[in-house]
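Step one of this worksheet: look at the structure below.
In what follows, chains carry the letters A, B, and so on, assigned in the order in which the sequence lines appear, proteins first and then strands, with residues in each chain numbered from 1. Source: prediction; values computed, not measured.
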Number of protein chains: 2
Amino acid sequence: MENKDILGDCSNGAICHMAYTMNRIAGKWKLVILWHIYDKEVIRYGELKRNIGKITHKMLSNQLKELVSDGIIHKEIYHQVPPKVEYSLTEYGKTLAPIMDMLYEWGKKNRKD
Amino acid sequence: MENKDILGDCSNGAICHMAYTMNRIAGKWKLVILWHIYDKEVIRYGELKRNIGKITHKMLSNQLKELVSDGIIHKEIYHQVPPKVEYSLTEYGKTLAPIMDMLYEWGKKNRKD
DNA sequence: CAGTATCCCTTGAGATACTG
DNA sequence: CAGTATCTCAAGGGATACTG
């Protein structure tokens with residue numbers, strides 16, 4: 001994965017903090033996915049995909065994988081047939097809740113279309 | 001520009017608000033750029049570029065252009081030689097300040113490297 | 001049902017050169 | 001100094017098929 005991070009050569013402390021956050025949650029879909037999980041608390045892959053709608057299978061899988069590996073969401077696998085997988089926010093992920101709330105509120109306030 | 005937006009076919013109100021926000025501020029660089037402008041209040045193109053460091057000329061120009069056209073930042077052009085251009089947050093852009101603060105704080109709190 | 005792998009094309013984004 | 005344009009190439013991401 002080399003260095004896809006922005007500001008990898010962080011010289012300014014303040015900016016680094018912002019960059020750290022962005023490296024976790026930036027991306028076209030991450031917050032939207034998180035928002036859906038946050039909304040339902042626990043959600044299965046299929047429902048998540050259906051709810052988001054305009055996301056492809058591959059995109060969703062990839063993003064979920066990253067979120068899991070970043071420790072933001074938890075993946076619970078039920079070994080049954082057919083398989084069932086549930087996603088939920090970890091405690092760490094839940095610390096993003098206030099941020100998601102603000103982003104939501106900001107959109108609600110400013111969207112005029 | 002067609003429809004690069006996520007969730008263009010918005011069926012769920014709540015999700016739409018979030019999507020609206022993401023359509024404004026998502027992107028690898030936008031919030032980092034905004035954070036720098038917010039930090040300095042008023043900043044020239046050159047200084048902005050130098051401060052961000054790891055961004056290319058093209059990227060920065062493009063992102064700034066989008067931010068201006070979204071009404072988030074203001075561009076003040078001084079017609080002199082050599083030219084001077086200053087960027088600052090608009091009133092609308094300033095409403096993002098609390099969000100930026102939270103993102104910053106979140107990064108500060110969680111960055112352990 | 002959930003997830004991976006492959007194919008393939010579009011887009012993003014860097015380097016560079018040029019203009020006002 | 002600030003910004004645009006072109007050329008180029010790698011990566012992102014869609015469609016589809018396959019596996020557990």
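- Picking from C:dA13, D:dA2, C:dG3 the nucleotide with the shortest atom distance to the side chain of B:V85 gives D:dA2.
- Residues B:S61 and B:P82 each lie close to DNA chain D; by heavy-atom proximity, the contact nearer the 5' end of the strand is made by B:P82.
- One atom, NE2 of B:H79, and another, C1' of D:dA2, lie 12 Å apart when rounded to the nearest Å.
- With salt bridges taken as basic N to acidic carboxylate O contacts below 4.0 Å, none links B:E47 and B:R50.
- For the residue pair A:D101/A:Y38, the side-chain donor-acceptor check at 3.5 Å is satisfied.
- Closest approach to the B:K58 side chain among C:dC1, C:dT6, C:dA13 is made by C:dA13 (side chain taken as heavy atoms from C-beta onward).
- The interatomic distance linking B:L60 (CG) with C:dG12 (P) rounds to 17 Å, in whole Å.
- For the residue pair A:Y45/A:H57, the side-chain donor-acceptor check at 3.5 Å is satisfied.
- Contact annotation for A:T56: backbone-only contact, meaning every heavy-atom pair under 4.0 Å involves sugar-phosphate atoms and none involves a base.
- At whole-Å resolution of the value, CD in A:Q63 and P in C:dG3 are 14 Å apart.
- Residue-level contact check: A:K49 touches neither bases nor backbone, having no heavy atom under 4.0 Å from any strand.
- Of the listed nucleotides (C:dA2, D:dG14, D:dG3), C:dA2 has the atom at the smallest distance from the side chain of A:R44.
- For B:H57 against D:dG3, a side-chain-to-base donor-acceptor contact under 3.5 Å is present.
- Rounded to whole Å, the distance from CD1 on B:I77 to P on C:dT19 is 20 Å.
- Note that CG of A:L34 is 12.0 Å distant from CG of A:D39, once rounded to the nearest 0.5 Å.
- Nucleotide D:dA2 holds its P atom 15 Å from the CD1 atom of B:I55, rounded to whole Å.
- For D:dG3, the OP1/OP2 oxygens have a side-chain nitrogen or oxygen of B:Y87 closer than 4.0 Å.
- At whole-Å resolution of the value, NZ in A:K84 and P in C:dG3 are 13 Å apart.
- Taking a 6.0 Å sphere around CD of B:E41, one finds it holds 12 or fewer heavy atoms contributed by other residues, nucleotides or ligands.
- For the pair A:K75 and C:dA2, the criterion of a side-chain N or O lying under 4.0 Å from OP1 or OP2 is not met.
- Per the geometry, NZ belonging to B:K65 stands 10 Å off C1' belonging to D:dA5, to the nearest Å.
- Nucleotide C:dG20 forms a Watson-Crick or G-U wobble pair with D:dC1, both donor-acceptor distances falling under 3.5 Å.
- Rounded to an integer number of Å, the gap from A:Y78 OH to C:dG3 C1' is 18 Å.
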